[in-house]
Amino acid sequence: GSDSKSSSGGGSVTLNWLTWSDHFANDQLKAVGTKTGITGRPKLFSDNADAILQIKQLGDAFDMVSGDALWDVKYMSDGLIDPMDLSTIDASKELYSVAKSFDFWTNPKGYLGYPFSWSTVQIYYNPDMVKTPPTSWQSLTDPAYKGMVVAENIPTDLLAIAGRATSVKDPYGMSGDELSAAADFLAALKPNLLKLASQNNEVIQLLANKSVAIGVTNLGSEDRVKDAGGPVIKAVYPSEGTIGFIDSEMIVSKGKNKERVPEFLDAMERSDYIAQNFITNGRPLFNESAAKKLLADSKTADRAKRLFMDQPEKALEMTLKGPAGDQQAYTEAFNKVFGA
Amino acid sequence: MSDVVDRRENAIELRGVGKRFGTAVALEPLDLDVRDGEFFCLLGPSGCGKTTTLNLVGGFVSPSSGTISIRGTDVTHLPPHKRPVNTIFQSYALFPHMNVVQNVQFGLRMSRVSKAEREARSQEALALVGLTERASQPVAALSGGQAQRVAIARALVNKPSVLLLDEPLGALDLKLRKRLQVELSLIHRNVGTTFLFVTHDQEEAMALADRIAVMDGGAVQQVGTPEEIYLRPKSRFVADFIGESNIIDGHMDSGVFRAADGFVAPCPSDTPADAKALVVRPEAIRIDSAGLIPAVVTSLSFLGPVTRVTLSIPQSDTMLVSTIHGGAATHQQVGVQPGDHVNVTWDAAAAHAVAD
Amino acid sequence: MSDVVDRRENAIELRGVGKRFGTAVALEPLDLDVRDGEFFCLLGPSGCGKTTTLNLVGGFVSPSSGTISIRGTDVTHLPPHKRPVNTIFQSYALFPHMNVVQNVQFGLRMSRVSKAEREARSQEALALVGLTERASQPVAALSGGQAQRVAIARALVNKPSVLLLDEPLGALDLKLRKRLQVELSLIHRNVGTTFLFVTHDQEEAMALADRIAVMDGGAVQQVGTPEEIYLRPKSRFVADFIGESNIIDGHMDSGVFRAADGFVAPCPSDTPADAKALVVRPEAIRIDSAGLIPAVVTSLSFLGPVTRVTLSIPQSDTMLVSTIHGGAATHQQVGVQPGDHVNVTWDAAAAHAVAD
Amino acid sequence: MPRDADIVAPHGRLVRGLLTLYGVAMYLFLFVPIVVLVLLSFNTSRTVGFPLKHLTLAWYRLLPDDVLIQDALSSSIRIGLWVTAISTVIGTAAAFPLVRARVRYRSVVRVLITLPIMIPGLLIGVSLLILFTDVLKVQPGSSTAIVGQSVLVTPFVILIVAARLQGFDQNLERAASDLGANLVQRMRYVVLPLIAPGILAAALIALTLSIDEFIVTNFLIGSGQTLPIYIYNQIKFGITPEVNALASLMLLGTMLVFALGFAIPPLVRRVRLRRAVVAD
Amino acid sequence: MATNRPAAVTADVSAGASAGRARARWRNAAQFAGFTPAAVLFGLFFLVPLALIVVYSFWRTKDYSLVHDWNLGNYRTFLDTKTYIKTFLKTVVMGVLATTTTIALAMPFCYWLVRYVPKRLQRTLLLLVVLPFWTSYLLRVYSWVAILGDNGALNTILNKLGVTSGGHRYLLYDNPGVYLVLVYLYFPFAVLTLYASLERFDWNLLRAARDLGATPGRALLRVVAPQMRLSIATASIFVFIPILGEYLAPQVVGGTKGVMIGNLIANFFAGFLLPLGSAASVLVALVIVILLVIFRRSLDTGDVYAS
Ligand SMILES: Nc1ncnc2c1ncn2[C@@H]1O[C@H](COP(=O)(O)OP(=O)(O)OP(=O)(O)O)[C@@H](O)[C@H]1O
Ligand SMILES: Nc1ncnc2c1ncn2[C@@H]1O[C@H](COP(=O)(O)OP(=O)(O)OP(=O)(O)O)[C@@H](O)[C@H]1O
Ligand SMILES: [Mg+2]
Ligand SMILES: [Mg+2]
């Protein structure tokens, strides 16, 4: 069926795609390119706030952008994306139905994004390196952990975590006072942070080579650290609760080749690729067929189960990542603590 | 002889030509005639305006006033590449990216002379300077003397009305310089082109030139043959600049020249009354017991062909220099020692008065 | 007189001193004595090893062989700052960041002379060179001549046993050079320090030196007074390098010197049998109808004190140069024209034979 | 001039030895990171780090297949060629008046020209970004990056060509004029052939500067990628020895370009000479 | 001055002898024609943007769009925030330290190069010093992580030698690491500048000093050092100013502690805080301008880069 599609699509094009590194693999891009004539050209970013700025400024330079849960809503309200009709994309039949009906992505004009993966952000630690294991966000400020912690450099989310730590109601919509209390928490945490990692991979690497003892990172990190030849690390679900993401691919409304995006997604989001993606990046995805494949294989079944590959509804229990109410205030508060 | 010369056409005529750079006067308005076929030297100390004069003729500098004619044609407003003159620069300015013959042919190429003629004329020019064999050598491989000859060939091949030479021997060492002076002189005799030659070396000018213009401070001080300039300098400056001279300040006092220091100095009978100084060349000064001027020998130095004797006149600041000539083997002992009291004199005709 | 000189102590003694740079021989092993208080010149063409010799004495180059003594002390292995010599460099090497008096005091500061003495001695040295008033001027503001005098003061203030001078006048123009030669000579007479002076200008060497070592190709060719070297050159090279000379190839043939071109050339009766050439100075050559050597006048040029006559000998390549002397006013017409057939000769005693 | 070591000095050898040792140490300091870079490109381990496990060419084999790298490479080269062309033309044009015109405040002009070299690229990048996006409303992309890089690179071209021109004997031009060459002929036959090596060197340097430029490019390239930006992303988002392999090849490439740049002029000269000899 | 004369003479060549006054004036203007494209390039794309930053530093943003009301708020924010001010001062201190070290290392190096290395080798060795410029700047920085990091080359070697065991990191993710990498990055700049002037140095002066009784050390101190002052200043400027804007090196090797002002600026702009970023840039530019004014005498160094 795909053959007829590529001919109907009309020739080979390049799709500019602003995304994270764990949304694709090079051989996948190559295979999809050969098959459909659509070459995905990814440009990487680290922070939703970055990405939305780039889409705002560069508009027609991209056809597709990746984004997290409530950020998609902001994209929509800023008029940056076109909702899609999932039913026209064959591959969406492989998705869990819950993923196709998140209410925050539901819009009269269509679905805001093509669901991809999700994860909570939690604490991992290396039991060989810390005497008293952390139990909560607050406990991370313990001077005993000086220079032993790493987190990703995502200002909004770090502040949201700080909001969790200081028990505010809405971590993404903190008031001025709440924000400065959260900033104080980060300031207290700062001496313990060895560095802010540019990307999740780096967190894994630092844990693996024992540069740090504690990482604030996604589900499945224990496997990835082990895969990278690192030590056994343990997960802690912080007592204050945590945040998490549900991410997706969106169609940029000014994209020059945006009409080819569904065709591209159709090829990219097939269960074989998604299963492989799970193995490489180790956090749950919304592709039910992939989940089935993984569960059927004894080598991966245990891991897929442990990482909730079969429980997509769990994703809705987290505080979802999203834009801050006053994004600038968040950025400023973060800068004031870290400078960078 | 001067009759013969005067009938020749003038190769170059400067009329009231002056040059200012901003407010600085590099050249006072001057008139100058260079006769056809002449070897003419501009001689003067550094900064006197020699190069400026040459550049005016070559067209590299435009005059602030006056007109310049070459062979009767007014060229004042022509750019360099339209003037019938060629220049030999001090550093020769050979094009380093071309070989010898390419350098020589450059001017012909620029004036779109046919290839055949170019070949013929460049061969001829190279033959003239004796470099036929080096035609295809890169110019970097040439010695100083060869480079100079290439520069000459490159200029002469264009059959210029006038050849301008700006201290072409200035950078060479003494021996080579002497040799090239002889060559230059021969080439001039062979081609008959007018040479306008700049130098600050008076010996070189004397050795080469038919006529010399002595310049100073942007003005021409005297024009004349080497003999005229050496024997009858018009000013103290010329006397001092050309050769070595004893200049004795003083004035005419009832038919005799009385030096400022009191003694009476022999002078020609036709010395004008406004004479301010006498010029006496060292080779004219004799140590002679019959002399009327008493002096003390302060130093002696043997210089080879001559021995130089410095003399001071008692109770005065005047120092005289005498050079005593001696053929090598007949080198008579000068017969004096430093400290000796002697008398000196010179032939009255050997003294020449200047009025400044 | 040479007896008196010999009793003086030697200021510098080089014994078998040679220098190689890698495989290139800059200086063949040589012996050289410079007497105390003497003005000694090293003279030779570029690259002959003059500077190397001076540097060996100054300690700027270490010898490949031999020993160097200064006033009887072996200094071969002493670094420059421990040798009792001072140097005047060709470019003077004045410290541009210090003023005149600071430059002069530098050596005293280095040897930790007290401030009072430093002041006194530097004043004295500046007075010697006549620059007392310029003591606090920056050295950049000095003229070439003044800079040279500062360099001299800076060296002499240290009361060196020997003053080394490497072409100190090389960069100056002719007039200034002549003036500074006189000054240098006076200073030498006043301070009595030994001067070891390097130059490639033979006139300068003749004018200044008590004795000259003529060098060529890293070896000393002849050592002697200016007279000895001019009148009795030991080799063709020396004859050619010092002054102008006519060198006539030939050989002794039963008591007379037969030139390679066939004519018989007058020579002294004691000419050795192995003579290969005769050296005759131009000023010794006379145009004389009684002369036995026929010649044709090829050119005449008036040079001021002398007129230079070039003569060619028919049926031979030999060219002779004669300089005819004339005091300015008594300047007799030379009496010949180019193309004239004349006879020339010289006094037998004026010819000197060389064996190479 | 004899070298210092020649001066009669008791400790001469020691000083010489110590200084030489120091010099070598500094070269080590300069080159160890580069050696490490190259070494790691042969390491089998996926993560960049020691100890080296086994040596492999696998990372080099990946390069031809990597679309991102190919994209980045081609846009680097495209941008590089543009920047080279622009800066060489503009820079050469500016070098002439800089050296030759009666410039009143020549040193002030020189300083102005060096400013873009000295001012941190960060400032140039952000200020140009503001200009383009906010004032001129031009969308960032290759063309804006080309402009930005040209600002950075042109000063180098000016300085290099000016230096060459400074050493150019003006008498040659006057001689040409004297021999009948007009302005165009003087340029064509004398000036340009003689300063060509300077222009070539400037162009080569412009090209390498452009290809390695990151800071300004990153601000101005928009959605595009160049090699340095690709590398930056790799560093940011998980580096693999593939990047090292790429960098090693690039190093090899620049060295080849420069070796050619140095070797060609003498070669041309020699060929020209031989031709001249043969023609005779 | 000497350089001005031939220039003036050529001006005359082009003016030829064809001089009407108006024409001469026109020619006079024409000689500057070559500057035009460069003037447009630098004017429009260098000076104007820099002026823009100044303007922007007095505006503010609200929800990612610019509000054009003039105020000093950005400066106040910057100066009131301890992290910013500390980072700014830290950057200056870091710059000073790294610059002094760089110069101190480059001096003896250049001395060695000029005095102890044969002339014909000097060019090649100098070329080797700049060779690193031809490798990716980013990777050269990153390479230090591979050298100093926990599994780095240094750690591996020390482990092999038995000096240490296990994973250790050296200097990384802190100011000392940034310092080391800055010195590494800018050493070639300093070498180029100092070499250019040492090469022109009249070594006869050193010999004159020796001749006048100075020991080698004192000769260097009293004669060479004072005259190098100007070029040391030049080298310092050429190293210090770019360091002020560094942000990649601290980002890669600095961790949370090694942050410099450049990171702040880059971050502000990434977060669309254009006015605040502009204000920080203006402060940096201010420091630069002050330095340029103070050291204006040592700036005419075109030949440094030309070499
Ligand atoms: N382009 C110029 N601008 C200003 N002044 C100039 C220029 N060219 C020459 N001069 C001045 O004009 C005067 C004459 O200079 P010119 O070059 O003609 O001297 P010269 O006799 O050739 O000297 P030298 O023997 O040193 O070459 C000098 O004072 C010189 O400084
Ligand atoms: N440091 C050196 N290394 C190699 N060769 C040298 C060195 N110094 C001098 N030479 C060589 O030694 C020879 C003598 O040089 P020296 O400088 O003594 O000559 P010079 O008589 O002073 O010449 P000039 O009159 O040109 O100064 C020359 O051939 C020169 O090239
Ligand atoms: Mg001149
Ligand atoms: Mg010498």
For E:H168, ring pair (Phe, Tyr, Trp, His ring centres under 6.0 Å) partners two or more places apart:
none
Applying ring pair (Phe, Tyr, Trp, His ring centres under 6.0 Å), can you list everything that pairs with A:Y75, at least two apart in sequence or on another chain?
none
A:K190 portion near chain E, given a 4.5 angstrom heavy-atom threshold:
both
Which residues pass the side chain to side chain donor-acceptor pair (under 3.5 Å) test with E:N159, not counting sequence neighbours?
E:T164
Search all heavy atoms of E:Q251 against all heavy atoms of A:K195 and return the closest pair with its distance.
O-NZ, 4.1 Å
E:R169 versus A:L194, closest heavy-atom pair with distance:
NH2-CD1, 3.6 Å
Checking E:V252 against chain A: side chain, backbone, both or neither under 4.5 Å from a heavy atom?
backbone
Measure from the side-chain N and O atoms of E:T256 to the backbone N and O of A:L193, and report whether any donor-acceptor pair falls under 3.5 Å.
yes
Below 4.5 Å, heavy atoms only, C-beta onward: do A:E332 and E:L273 meet side chain to side chain?
yes
Rounded to the nearest 0.5 Å, how far apart are CG of E:N267 and CZ of A:F334?
7.0 Å
Show your working on side chain to side chain contact (heavy atoms under 4.5 Å, CB included) between E:Y173 and A:L206 and close with a plain yes or no.
CA-CA 12 Å; E:Y173 304 132; A:L206 290 169; 4.0 Å; yes
Report, in residue-number order, which members of residues 79-98 of chain E are under 4.5 Å from chain A by heavy-atom distance.
E:T81, E:T83, E:Y84
